[in-house]
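Written below as C-alpha cells is the structure these notes are about.
Numbers restart at 1 for each chain; the letters A, B, ... are given by sequence-line order, proteins then strands.
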Protein chains: 2
Amino acid sequence: MDMTTDRKPTDRRKQVLEAAARSFAAFGYKATTMDQVAKAAGVGKGTIYTFFANKEELFEQIVRELIAELKVVAERTFDPALPFADNLLRILQQVLAYRDRHGLVVKLSQEVREFGTPMANGGLEAIERSIIAYIAGHVGEAIAKGEVRPSDPALTAYMMLKMYLALTAEGGHLHEPLDAEQVLAHFRFYCLEGLAVD
Amino acid sequence: MDMTTDRKPTDRRKQVLEAAARSFAAFGYKATTMDQVAKAAGVGKGTIYTFFANKEELFEQIVRELIAELKVVAERTFDPALPFADNLLRILQQVLAYRDRHGLVVKLSQEVREFGTPMANGGLEAIERSIIAYIAGHVGEAIAKGEVRPSDPALTAYMMLKMYLALTAEGGHLHEPLDAEQVLAHFRFYCLEGLAVD
DNA sequence: AAAATGACCAAAATAACAAAACGGTCATTT
DNA sequence: AAATGACCGTTTTGTTATTTTGGTCATTTT
C-alpha cells in the first residue's frame with residue numbers, strides 16, 4: 001500500500017502540499033511563511049513538520065512536482081513519427097511556454113532578480129537541469145538513429161536550450177523581440193543547419 | 001588644435017582620467033568617490049567638474065576608452081588572409097580573454113552580481129554591444145563575400161557571442177568546464193557546421 | 001582673466017538600535 | 001499515535017541618528 005497517494009477523508013499531507021504550492025507561487029520562497037502555509041492548509045504548524053523536515057524540503061517537493069508536470073507536457077508533445085528537429089522544436093516551445101506561464105516559475109524568477117534568494121535560484125536551476133536532461137535523452141536517441149551528427153548529448157541539449165532562450169526571452173534589449181515563427185526559423189538556421197556554406 | 005590630446009606640463013584632464021580608471025577598476029562604480037579620484041589625481045575636486053559634467057560622464061568616458069582598447073585588440077588579431085571562421089574564433093578568443101583579464105570588467109561584473117549597480121550594468125552592456133557590433137561588421141563582410149550563408153549580421157553576431165559564452169564561462173555548474181581546444185572545436189561544430197546530417 | 005580649489009550644502013548611504021516576524025520544537029491536547 | 005499552538009533563539013524589518021557623497025561656487029592661485 002502506497003502511503004503517499006492514499007486518499008483519506010482528511011489527507012493532511014495533500015492539504016499542506018496544495019497550500020504550499022499556492023503560497024510559493026503567489027509570494028515566492030522567502031515571503032512564504034510556515035504559519036501562513038499551516039493556516040491556508042487548515043492544519044497546525046507542527047503537522048507540517050510530521051511530513052517535511054523543514055521549509056526547504058517542502059519547497060523541494062513542490063519543485064519536484066512542477067518538474068513532473070513539465071515531463072508530462074513534454075511526453076504529450078513528443079510524436080515518434082516526426083523527425084528529431086520537429087520534435088525538438090515542438091517540445092522546447094511547449095515546455096518553455098508552460099514553464100513561463102506557471103505562476104511558481106514566474107514568481108521565483110522575479111525573486112531571484114530582485115533579492116537573489118538562493119533557494120529560489122536553486123529551484124529554477126533544478127527545473128533547467130531537468131529540461132536539459134530530458135532533451136539530452138532525445139538527442140541521444142537521434143544520434144543513435146543517425147538523425148543528427150554525433151556529439152555529447154548533454155552538452156548539445158544545453159546549447160540548444162541556451163540558443164532557444166537567446167532567441168526568445170533573454171535577448172532583451174540587445175535585439176528586437178522575434179515572433180514565434182521567426183524564432184523557429186532562426187533556431188533551425190543557427191542550431192541545426194549551421195552558418196557554413198555547403 | 002586638439003585640446004583633448006594636447007600634452008601640457010601638467011595635463012589635469014589626463015591625470016583625472018588615469019586616477020578614475022584605476023579607482024573604478026579597484027573599487028567599482030559605487031565605491032569610487034569623487035573626493036578619492038581628486039586626491040589620487042592630485043587635483044582639487046572642483047577641477048574634475050571642469051572636464052566632466054558628473055560622475056556618470058566620467059565613468060562613461062572610462063568605458064569608452066576600454067571599448068577602444070578592445071577594438072585595437074580585435075584589429076590586431078584580424079588577418080584578412082584567413083577565412084572568416086578562423087578570424088571569428090581568434091577574435092572572440094582574444095577579445096574575451098582581454099576583457100576578462102581587465103580589472104575594470106572583472107570588478108564591474110562582481111558589482112553587478114553583488115549589488116546590481118545600474119551604472120556598472122550599463123557599462124558592461126555597452127561593452128557587450130560594442131563587441132557584437134564589431135563582430136556583426138565582419139559577419140556582414142563574410143556574407144557579402146559568400147563565405148557564410150545570408151542572415152541578419154547583428155542577430156548572428158549576438159548568437160555567436162552567446163554560444164561562445166555558453167561554452168566557456170556562463171555554463172558554470174551545468175556542464176564541466178572545457179579547455180580552450182574543446183571550446184574551439186565545439187563552437188565550430190555547433191555554430192558553423194550545424195547538427196544536421198548532410 | 002582664466003583656471004583651480006576646497007569649504008560647504010542638500011541628499012543619499014550607513015550604522016546603531018528597537019521591535020516584529022520567522023523557522024523550528026515539544027509539552028500538551030485530541 | 002497524531003495533531004497542535006504557545007514558546008524560544010535567531011533573523012529580518014522598521015526607525016532614527018550619524019556619516020558620507022556628489023555637486024556647487026565664492027575665493028584663491030596662476
In this structure, how many angstroms lie between the [atom2] atom of [N] and the [atom1] atom of [X], rounded?
{"X": "A:M34", "N": "C:dT25", "atom1": "CE", "atom2": "P", "result": "10 Å"}
{"X": "B:F27", "N": "D:dT21", "atom1": "CZ", "atom2": "P", "result": "12 Å"}
{"X": "B:K45", "N": "C:dC8", "atom1": "NZ", "atom2": "P", "result": "13 Å"}
{"X": "A:F59", "N": "C:dG23", "atom1": "CZ", "atom2": "C1'", "result": "16 Å"}
{"X": "B:D35", "N": "D:dG23", "atom1": "CG", "atom2": "P", "result": "12 Å"}
{"X": "A:L58", "N": "C:dG23", "atom1": "CG", "atom2": "C1'", "result": "12 Å"}
{"X": "B:F51", "N": "C:dA4", "atom1": "CZ", "atom2": "C1'", "result": "9 Å"}
{"X": "A:E56", "N": "C:dG23", "atom1": "CD", "atom2": "P", "result": "11 Å"}

Self-check item: Electrostatic pair A:E128:A:K162 at N-O distance under 4.0 angstrom
Solution: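 Salt bridge between A:E128 and A:K162, a charged N being under 4.0 Å from a carboxylate O: yes.
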
Quiz item: So, are A:K30 and A:E114 salt-bridged, with charged N and O less than 4.0 Å apart?
Solution: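 No, no charged N to carboxylate O under 4.0 Å.
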
Exercise. May I ask you to evaluate whether A:R12 reaches the phosphate of D:dA3, defined as a side-chain N or O under 4.0 Å from OP1 or OP2?
Key: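 So the side-chain polar atoms of A:R12 do come within 4.0 Å of the phosphate oxygens OP1 or OP2 of D:dA3, strictly under.
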
Quiz item: Whom does C:dC26 pair with, Watson-Crick or G-U wobble, provided both distances fall under 3.5 Å?
Solution: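 C:dC26 is paired with D:dG5.
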
Quiz item: So what does B:T47 touch, heavy atoms closer than 4.0 Å: a base, only the sugar-phosphate, or nothing?
Solution: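 Since a base atom lies under 4.0 Å of B:T47, the category is base.
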
Practice problem: Remember a base hit wins even if backbone is also touched, and classify A:K30 as base, sugar-phosphate or nothing at under 4.0 Å, heavy atoms. | Solution: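 Sugar-phosphate: the residue A:K30, judged by heavy atoms under 4.0 Å, touches backbone atoms but no base.
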
Practice problem: Nearest-nucleotide wise, let me know which of A:A53 and A:Q36 is further upstream toward the 5' end of DNA chain C. | Solution: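 Of the two residues, A:Q36 wins.
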
Self-check item: pair B:F189-A:S151: side-chain heavy atoms closer than 4.5 Å
Solution: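 SC-SC contact between B:F189 and A:S151 confirmed.
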
Quiz item: Does the D:dG23 base have a donor-acceptor partner in the side chain of B:K55 within less than 3.5 Å?
Solution: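 Flag unset: no donor-acceptor pair detected.
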
